[in-house]
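Working notes, structure below.
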Amino acid sequence: MKKRYDYLIVGAGLFGAVFAREATDAGKTCLVIDRRPHIAGNIYTERVEGIEVHRYGAHIFHTSDRAVWDYLSRFVTFNRFTNSPLARYGDELYHLPFNMNTFHALWGVVTPAEAKEKIAAERAPYAGREPRNLEEQALSLVGRDVYEKLIKGYTEKQWGRSCTELPAFIIRRLPLRFTYDDNYFSDPLQGIPEEGYTALVERLLDGSDVELSRDYFADREALDEIADRVIFTGRIDEFYGAVFGRLAYRSLRFETETLDLPDFQGNAVVNYTSRDVPFTRIIEHKHFTFGKQPKTVVTREYPAAWREGEEPYYPVNDETNNALYARYAALAEKEPKVVFGGRLGLYRYLDMDKIVSEALALSRRLLREGN
Ligand code: FAD
Ligand code: UDP
């Protein structure tokens with residue numbers, strides 16, 4: 001007789017792992033599978049030369065939700081890392097997010113009043129108009145200098161489209177400050193798990209059975225039989241055989257190398273905002289944990305088109321794709337035993353803290369309902 005489970009969880013990423021922890025603690029049994037050869041999904045970290053390497057891009061935990069912070073702190077200790085990325089445009093270096101340090105370097109202004117005056121003049125032509133695209137949004141927020149040097153090239157590389165064809169909301173979340181505060185995030189709580197994200201997920205999965213390099217679609221019927229309920233955190237369009245057409249994603253390519261020097265760029269994240277440089281950023285992993293190792297590991301991040309078989313890193317939440325997703329979501333609502341979750345199942349760009357609160361909410365709802 002094959003072992004039976006209360007839950008089959010497809011995807012050993014953060015969403016699946018938090019759900020598994022809650023279900024296990026409530027006395028339920030879970031089988032967690034992942035098609036990748038490791039746990040932790042995109043937050044996977046791996047130790048190289050004593051340095052915790054973020055294999056799928058920089059992951060900085062930040063939140064305004066104290067309950068989520070406390071929840072994760074049961075499993076790992078967060079350090080005091082604060083993200084202060086730099087932007088490199090040719091040989092010029094600027095502070096991010098856009099703040100007084102950036103404006104001083106660009107225009108020589110010193111006080112907030114001077115910076116506001118300069119930006120007001122730059123924004124004037126766009127005042128009182130609803131921006132129709134990302135370019136108009138950027139120009140009306142920060143003016144042409146910042147747009148040309150720090151936004152245009154980076155954004156067009158990242159999304160593979162012209163800023164005039166991109167939705168405005170993408171940059172609305174970028175902070176604009178008139179203080180000398182270089183903290184990229186506005187959330188009061190921020191840090192990196194000292195033991196790495198993989199250790200966090202390992203602890204969340206403790207007590208569950210885990211099978212890696214196992215694809216749900218390769219063995220769908222047998223896997224559905226094995227459990228009373230399925231929590232699916234893969235692509236919702238793939239789940240439905242793309243019957244209405246494929247959802248769009250944006251992919252990335254990472255090039256990682258170990259260098260025989262103690263420090264390459266002096267900062268965890270440096271964005272390359274000019275179009276001429278093919279990558280968008282270089283991350284130097286040791287700086288996430290204030291490492292003093294003799295060597296260093298750096299990763300260049302290249303944006304890439306997404307094709308079937310590639311990792312779907314970002315959902316492309318434009319109108320067309322959101323409408324297509326709504327059709328899949330309507331099918332999902334009628335599923336008797338499958339529930340969708342996570343960034344791919346919900347087709348939403350969710351930061352880690354939102355993933356944790358969504359997974360906690362779902363597990364509490366299902367466990368309360370007794371299934
Ligand atoms: P995933 O981590 O994608 O896990 C889903 C898992 O399901 C994957 O491991 C996949 O292999 C598996 N799977 C899919 N289909 C199948 C199948 N058919 N069979 C078996 N397994 C399957 N958030 C922050 O808060 N701060 C950051 O700084 C930050 N930086 C980011 C940088 C990048 C480059 C990216 C892409 C994301 C970043 N995020 C950040 C978001 C963060 O990665 C997500 O919030 C989190 O990883 C989502 O977890 P998840 O479990 O939903 O998805
Ligand atoms: N962005 C930019 N220049 C930068 C950093 C970000 O123009 O140096 C824009 C870009 O359009 C990006 C968006 O701001 O897609 C959101 O940036 P964030 O760093 O929040 O996104 P991430 O890629 O880390 O999810």
Side-chain angles (χ1 to χ4, degrees), residues 42 54-60 83-99 102 105-106 131-176 182 184-185 246-257 264-265 267-285 287 297-321 343 348-349 351:
N42 286 342
H54 298 210
R55 276 291 169 208
Y56 301 95
H59 276 81
I60 300 136
N83 192 27
S84 304
L86 293 165
R88 187 158 166 185
Y89 178 78
D91 286 332
E92 299 166 24
L93 208 56
Y94 297 99
H95 289 261
L96 293 175
F98 312 131
N99 69 75
T102 327
L106 270 171
R132 282 170 301 185
N133 54 48
L134 195 147
E135 176 169 292
E136 290 191 4
Q137 173 75 64
L139 290 170
S140 66
L141 271 178
V142 284
R144 187 158 293 276
D145 277 350
V146 174
Y147 172 65
E148 298 281 353
K149 288 193 171 175
L150 301 177
I151 296 177
K152 190 173 189 302
Y154 185 98
T155 302
E156 293 186 346
K157 283 192 285 190
Q158 172 86 338
W159 296 99
R161 287 195 221 166
S162 153
C163 285
T164 53
E165 289 159 25
L166 283 165
F169 80 87
I170 293 179
I171 55 151
R172 229 172 263 152
R173 64 187 180 146
L174 270 184
L176 172 65
D182 284 334
Y184 197 68
F185 300 116
R246 282 199 189 112
L247 288 165
Y249 300 89
R250 191 82 184 128
S251 198
L252 296 169
R253 187 166 59 80
F254 298 104
E255 254 174 32
T256 299
E257 59 177 334
F264 172 73
Q265 62 185 16
N267 203 38
V269 183
V270 179
N271 289 0
Y272 283 75
T273 56
S274 145
R275 194 91 206 237
D276 311 336
V277 180
F279 43 86
T280 46
R281 48 191 170 191
I282 300 184
I283 61 176
E284 186 167 11
H285 301 267
H287 296 307
V297 181
V298 298
T299 301
R300 287 176 177 74
E301 187 175 315
Y302 295 82
W306 177 81
R307 272 172 234 94
E308 196 63 62
E310 313 270 338
E311 284 297 340
Y313 289 104
Y314 297 103
V316 177
N317 287 112
D318 58 14
E319 264 175 49
T320 315
N321 285 290
R343 201 175 41 99
R348 253 192 292 151
Y349 185 96
D351 276 330

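Just so you know, these numbers use all the heavy atoms, side chains as well, and skip hydrogens, waters and symmetry mates.
When all heavy atoms of Ala87 and Thr273 are compared, the pair lying nearest together is CB-CG2, 3.9 Å. Across all their heavy atoms, Asn271 and Val269 have their closest contact at OD1-CG1, 3.5 Å. Here the closest non-hydrogen pair linking Ile283 and Gly57 is CD1-C, 4.0 Å. Val297 approaches Thr256 most closely through the heavy-atom pair CG1-CG2, 3.5 Å. Of all heavy-atom pairs between Thr280 and Pro303, the closest is CG2-CG, 3.6 Å.
Judged by distance alone, with hydrogens and angles left aside, the side-chain atoms of Lys157 form a donor-acceptor pair with the main-chain N or O of Ser274 at under 3.5 Å. Looking only at distances, no side-chain donor or acceptor of Glu310 sits under 3.5 Å from a matching main-chain atom of Ser251. The main-chain N or O of Gln137 is found under 3.5 Å from a side-chain atom of Ser140 such that the two form a donor-acceptor pair. Asn321 places a side-chain N or O within 3.5 Å of a backbone atom of Ala248 that can act as its donor or acceptor partner. Arg161 places no side-chain N or O within donor-acceptor distance of the main-chain N or O of Cys163, the cut-off being under 3.5 Å. In terms of modelled atom types and a separation under 3.5 Å, the side chain of Asn267 and the main chain of Ser84 share a donor-acceptor contact.
For the ring pair (Phe, Tyr, Trp, His ring centres under 6.0 Å) test, residues two or more places apart in sequence or in another chain that qualify with Tyr272 are Phe279. Here Arg250 pairs with nothing under the side-chain hydrogen bond (donor to acceptor under 3.5 Å, both in side chains) rule; sequence neighbours left out. For Tyr249, the ring pair (Phe, Tyr, Trp, His ring centres under 6.0 Å) criterion is met by Trp306, Tyr347, not counting sequence neighbours. With sequence neighbours left out, Phe254 forms a ring pair (Phe, Tyr, Trp, His ring centres under 6.0 Å) with Tyr313. With sequence neighbours excluded, the residues forming a ring pair (Phe, Tyr, Trp, His ring centres under 6.0 Å) with His54 are Tyr197, His285, Phe288, listed by chain and number.
Separation of atoms CD1 (Ile151) and CD1 (Ile171) is listed at 4.5 Å; rounding is to 0.5 Å. Rounded to the nearest 0.5 Å, atoms CG (Leu166) and CG (Asn133) are 8.5 Å apart. Between atom CD1 of residue Ile60 and atom CG of residue Asn83 there is a gap of 3.5 Å, rounded to the nearest 0.5 Å. Note that CZ of Arg300 and CG of Leu252 are 15.5 Å apart. Values are rounded to the nearest 0.5 Å. The CZ atom of Phe264 lies 4.5 Å from the CD1 atom of Ile282; values are rounded to the nearest 0.5 Å. Here the straight-line distance linking atom CG of Asn42 with atom CZ of Arg55 works out to 13.5 Å at 0.5 Å rounding.
In this structure, the side chains of Leu176 and Val146 stay at 4.5 Å or more apart for every pair of heavy atoms.
Residue pairs meeting the ring-ring contact (aromatic ring centres under 6.0 Å, His included) criterion with at least one member in residues 134-160, sequence neighbours excluded: Trp159-Tyr314.
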Given salt bridge (Lys or Arg N to Asp or Glu O under 4.0 Å), test Glu135 with Lys152 step by step and report yes or no.
CA-CA 8 Å; Glu135 176 169 292; Lys152 190 173 189 302; 5.3 Å; no
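No more than 12 heavy atoms of other residues, nucleotides or ligands shown are found within 6.0 angstrom of CZ on Arg132. The environment of CD in Glu308 is crowded: more than 12 heavy-atom neighbours from other residues, nucleotides or ligands sit within 6.0 Å.
Considering Glu255, Arg281, Arg253 as possible partners of Tyr302, the one that fulfils the side-chain hydrogen bond (donor to acceptor under 3.5 Å, both in side chains) test is Glu255.
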